[in-house]
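Values below: every heavy atom of this structure, side chains too, minus hydrogens, waters and symmetry copies.
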Amino acid sequence: MLLAQGFCTMGGIIFFEDRNFKGHSYEWTSDCSDMAPFLARCHSCRVESGCWMVYDRPNFMGNQYFVRRGEYADYMSMWGMSEWVKSCRLIPMHRGPYRTRIYGRENFMGQMMEIMDDCDSVTERYHWSSGFMSCHVLDGHWLLYEMPHYKGRMWYFQPGEYRNFREMVGTGSMRFMSMRRILDCWY
């Protein structure tokens with residue numbers, strides 16, 4: 001097994017070229033924007049520690065999938081992926097409060113709500129007619145979903161301002177309908 005860096009307690013993920021943890025492997029303990037120089041393909045992974053986002057395109061682009069400690073013997077069929085993982089990002093540990101301000105329209109316009117815990121449906125909890133189109137993540141790391149009850153495609157958000165989801169995801173009028181905190185990633 002090749003090591004991208006020496007394994008440390010910050011987090012580790014091992015990718016394998018073939019299903020069921022077979023073939024060449026490579027381990028990361030930090031972000032990797034392009035796995036192509038290290039692995040010809042990637043069909044399974046094992047998360048030793050930490051939480052990770054894996055992407056089906058280089059440079060943290062494309063469809064995103066959240067993985068935590070455990071084994072993923074054939075994630076392509078498990079998640080319905082048509083491409084294998086091509087980049088990965090370690091989600092940093094967070095201790096403290098979680099706070100996000102969500103806005104009904106782009107550029108922090110429209111109705112605003114401050115969220116401090118998981119929300120399985122913005123439309124049900126806050127009686128909004130649809131989801132939200134921009135947000136300001138003040139504290140913590142979050143997964144946002146395009147559908148209520150944590151369904152549909154997800155995106156990872158770290159502290160920062162997100163003025164226009166449509167530009168981020170490259171589709172028409174992008175709204176999110178549910179969100180959850182990323183908790184308990186470090187054991």
Side-chain angles (χ1 to χ4, degrees), residues 1-95 98 117-121 137 140-159 165 168-171 174 176-187:
M1 176 188 318
L2 300 172
L3 293 177
Q5 297 179 359
F7 184 76
C8 66
T9 58
M10 290 189 57
I13 188 168
I14 306 166
F15 290 97
F16 298 84
E17 285 189 331
D18 298 319
R19 290 168 180 83
N20 299 312
F21 319 109
K22 296 191 183 339
H24 288 88
S25 64
Y26 210 87
E27 180 175 346
W28 277 270
T29 58
S30 62
D31 299 354
C32 177
S33 63
D34 187 5
M35 296 166 69
F38 308 101
L39 293 171
R41 63 186 178 278
C42 180
H43 288 285
S44 59
C45 71
R46 179 178 294 126
V47 179
E48 299 289 334
S49 62
C51 288
W52 297 77
M53 291 305 293
V54 296
Y55 303 81
D56 65 0
R57 299 276 181 256
N59 299 313
F60 318 113
M61 303 293 287
N63 293 310
Q64 303 181 24
Y65 302 91
F66 174 75
V67 292
R68 63 177 55 215
R69 189 175 184 161
E71 295 186 340
Y72 303 85
D74 183 7
Y75 57 74
M76 288 183 73
S77 60
M78 189 167 96
W79 298 327
M81 291 177 70
S82 61
E83 294 283 335
W84 54 79
V85 171
K86 298 201 176 136
S87 58
C88 63
R89 172 170 279 154
L90 175 64
I91 298 171
M93 182 174 19
H94 175 75
R95 294 180 196 263
Y98 286 77
D117 59 354
D118 299 349
C119 178
D120 67 345
S121 176
V137 177
H141 300 268
W142 298 78
L143 294 176
L144 278 58
Y145 298 80
E146 66 181 344
M147 305 294 291
H149 309 290
Y150 317 118
K151 294 193 173 151
R153 293 179 298 171
M154 76 171 76
W155 279 266
Y156 164 61
F157 287 80
Q158 58 191 357
F165 296 149
M168 284 177 41
V169 299
T171 63
M174 183 63 200
F176 288 106
M177 309 278 284
S178 57
M179 57 194 296
R180 67 170 36 140
R181 299 162 295 160
I182 299 176
L183 303 168
D184 303 324
C185 284
W186 300 91
Y187 357 95

Going by the rule ring-ring contact (aromatic ring centres under 6.0 Å, His included), which residues pair with Y156 if we only count those two or more places apart in sequence or in a different chain?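 If we apply the ring-ring contact (aromatic ring centres under 6.0 Å, His included) test to Y156, skipping adjacent residues, the hits are H141.
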Nearest heavy-atom neighbours spanning [X] and [Y]:
| X | Y | answer |
| --- | --- | --- |
| E146 | R153 | OE2-N, 2.9 Å |
| Y55 | M61 | CB-O, 3.3 Å |
| C88 | F15 | SG-CE1, 3.9 Å |
| L90 | T29 | CD2-O, 3.6 Å |
| A73 | S44 | O-CB, 3.2 Å |
| S25 | I14 | CB-CG2, 3.9 Å |

Min side-chain heavy-atom separation [X]-[Y] under 4.5 Å:
| X | Y | value |
| --- | --- | --- |
| L143 | M53 | yes |
| C45 | W52 | no |
| M35 | W28 | yes |
| V54 | Y72 | no |

Could you tell me how the ring of Y98 sits relative to the ring of H94: parallel (under 30°), tilted (30 to 60°) or perpendicular (over 60°)?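 If you compare the ring of Y98 with that of H94, the planes turn out perpendicular.
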Centres of the F165 and W155 rings: under 6.0 Å?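 Aromatic pair excluded; centres sit 6.0 Å or further apart.
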Taking the ring of Y145 and the ring of Y150, is the distance between their centroids below 6.0 Å?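 Between Y145 and Y150, which both carry aromatic rings, the centre distance is below 6.0 Å.
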Straight-line distance of [X] [atom1] to [Y] [atom2], nearest 0.5 Å:
| X | Y | atom1 | atom2 | answer |
| --- | --- | --- | --- | --- |
| F157 | M179 | CZ | CE | 9.0 Å |
| M154 | N63 | CE | CG | 10.5 Å |
| I182 | M93 | CD1 | CE | 14.0 Å |
| Q64 | D56 | CD | CG | 9.5 Å |
| H149 | C119 | NE2 | SG | 9.5 Å |
| I13 | E27 | CD1 | CD | 10.0 Å |

For [X], what residues pass the side chain to side chain donor-acceptor pair (under 3.5 Å) criterion, not counting sequence neighbours?
| X | result |
| --- | --- |
| E17 | H24 |
| S87 | none |
| D18 | R41 |

Considering residues at least two apart in sequence or located in another chain, which fulfil the salt bridge (Lys or Arg N to Asp or Glu O under 4.0 Å) criterion with D31?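 R89.
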Checking D118 now: which residues fulfil salt bridge (Lys or Arg N to Asp or Glu O under 4.0 Å) with it, not counting sequence neighbours?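 For D118 the salt bridge (Lys or Arg N to Asp or Glu O under 4.0 Å) partners, ignoring immediate neighbours, are R181.
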Ring pair (Phe, Tyr, Trp, His ring centres under 6.0 Å) evaluation trace for F21 with F16: CA-CA 5 Å; F21 319 109; F16 298 84; 5.5 Å; yes
Would the distance check show the side chain of [X] and the main-chain N or O of [Y] forming a donor-acceptor pair, the cut-off being under 3.5 Å?
| X | Y | result |
| --- | --- | --- |
| S178 | M147 | yes |
| E48 | G12 | no |
| D34 | A36 | yes |

